[in-house]
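Working notes for the structure below.
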There are 2 protein chains.
Amino acid sequence: MQLQAKYVALALLSKRPMTGYEIKKEFEGAISFFFDGSYGSVYPTLKNLEKEGCIEKRTIVQQDRPNKNEFSITDAGREVLAQYFEQPVDADSVRSDICMRLFFGDKAGDGELRNWMEQSIGQHEAKLAKLQNLHDAYRLQMPKHQLLSLTVGLQYHKGQRDAMLECIRMLDSFERGEQ
Amino acid sequence: MQLQAKYVALALLSKRPMTGYEIKKEFEGAISFFFDGSYGSVYPTLKNLEKEGCIEKRTIVQQDRPNKNEFSITDAGREVLAQYFEQPVDADSVRSDICMRLFFGDKAGDGELRNWMEQSIGQHEAKLAKLQNLHDAYRLQMPKHQLLSLTVGLQYHKGQRDAMLECIRMLDSFERGEQ
DNA sequence: GGCTACATGTAATGCGTTACATGATTTC
DNA sequence: GAAATCATGTAACGCATTACATGTAGCC
C-alpha cells in the first residue's frame, strides 16, 4: 500500500471537514515535504472517495464567493485510513534529477555541473526557508508528531544542500588534479 | 521535463548497447537511489524509444539461453538526451510514508510510532550498505561525477537514518514530560 | 487596470505498477 | 530437488499531470 493522494486527503479530513481548495492549500504547507499533488489530483480523488463512501459532501452556499463543497470523513473512511496505518511502512521513494545529471554528466563541463548544483542548492534553500518558517511559527501549537515530521523534512533539505556544497568542493579538488 | 525511465534508459545506452534485462539490473545499482523502475516500465519504454527512432534493436541469437534484444542509441536519441540536459534542473521529488505517519500519527501510540521509525531506519541502513559497497568496490574506477552522485545518495540515507534516531530521542524526551 | 485569493472542476494523456505468462540453465 | 539467474514481454488498471474552462471580490 503506497502513499497516495487518497490517504493524505483522508488523513486531513480526519482532523476536520475541508473543501478541495483547503486540502490543496494543506498540500502546499508542511505536507509538501513528503507529498505533493495538484488540483487535478485533489478533486478526482475526492470524487472517488465520496463514491466509495469514505467521505460525505455538504454544499455551502455563499453569496459573495463561489459555493463550497465541504467534505467530512465517514466511519468507512476512518476504517480505510486505519487499515493504511496498519500496513508495514513503505520505503521512501526519491526521484532526483540532479543526481541523474551528476551520474551521467560525463559530457557536461565542470561549469555546467556546478551550475546544476547551484540550482539544486537554491531549491533546497527555498524549501528549507518555508519549512523553517512553519517550524518557527507553529512550533508551540503543533502536536508533537507533526514536529517530528517537520524535523525530518528540515534534515532532508539541509542534508541535501550540504551534500551539494560538498560535491562542489570535490569538483574543485578534482580540478586541482587531486584525483 | 521530468526525470522518467525514458531518459535514464537513453543515458545508459549512451554509454554502451544493452538489453532490457541489463538496464533493469542497472536500475537496481547506484541508480536505485535516484530512480527506480520495474520490467513493466523498462520494456514498454524501450519499445517506445525504438518507435521514436531514438534507439535501434539487434537480436542476438543464443543457443543455451533465451535470445537477447540489444539496443543501441541513435543520433536522434543522443539529441533527445542532450535536450534533456539543457533543461533547468527539476526539483527532487520525495514521497515519504514514514513522514506521513509521523505527521498524522496522533492516534498511534508511542510504541507504534517507534516501531514505524525502526522500520524506516532498517530501510535506510539497507540502502546505505548497498551504496557503501558500490562505493568501496568501484571508487577507483568510477568516473568522478558518478562518485558525486553516490556521495549525495549516501548522504541522503545517512541523514534520514540520523533524523529518525533524533526523532526517537525526541519521543523519549516527550515521554519524560519535557514538553 | 492588473494581480491575487477564492473556488471547482474536466479531458486528454502519460507514465508506471502489478500480475500474468514462459522456459532453459546453473548452482546449492 | 529447489532456487536463482538469464531473458522477454503483455494486459489491466490506477494514479497523476497538464492544460483548459469559468467567474467574483478585494487590494495595490
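None of these values were measured; they are calculated from a predicted model. Here is the naming used below: chain letters follow the sequence lines, and residue numbers restart at 1 for every chain.
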Would you say B:Y156 and B:L131 make side-chain contact, with heavy atoms under 4.5 Å?
no
Between A:K15 and B:D106, does any NZ, NE, NH1 or NH2 come within less than 4.0 Å of an OD or OE carboxylate oxygen?
yes
Pairing of A:D97 and A:R101 as salt bridge, 4.0 angstrom limit
yes
Is A:E118 salt-bridged to A:R114, going by a charged N under 4.0 Å from an acidic O?
no
May I have the distance from A:R95 (atom CZ) to C:dT17 (atom C1'), rounded to whole angstrom?
11 Å
B:G40 or A:K57, whichever maps to the more 5' nucleotide of DNA chain C:
A:K57
Within residues 9-28 of chain A, residues whose heavy atoms come under 4.0 Å of DNA chain C:
A:T19, A:G20, A:Y21, A:K25
Are A:I31 and A:L128 grouped together when hydrophobic residues (ILVMFWY) are joined by side-chain heavy atoms under 4.5 angstrom apart?
yes
Touch class at under 4.0 angstrom, heavy-atom based, for B:K47 against every strand present
sugar-phosphate
Which pair of heavy atoms, one from A:D92 and one from B:H124, lies closest together, and at what distance?
OD2-NE2, 3.9 Å
For B:N48, report the nucleic acid contact type (base, sugar-phosphate, nothing); a contact means any heavy atom under 4.0 Å.
nothing
Could you tell me how far apart B:M1 (CE) and C:dG14 (C1') are, to the nearest whole angstrom?
15 Å
Judged by nearest nucleotide, the residue sitting upstream toward the 5' end of DNA chain D, B:Q2 or A:Q4, is A:Q4
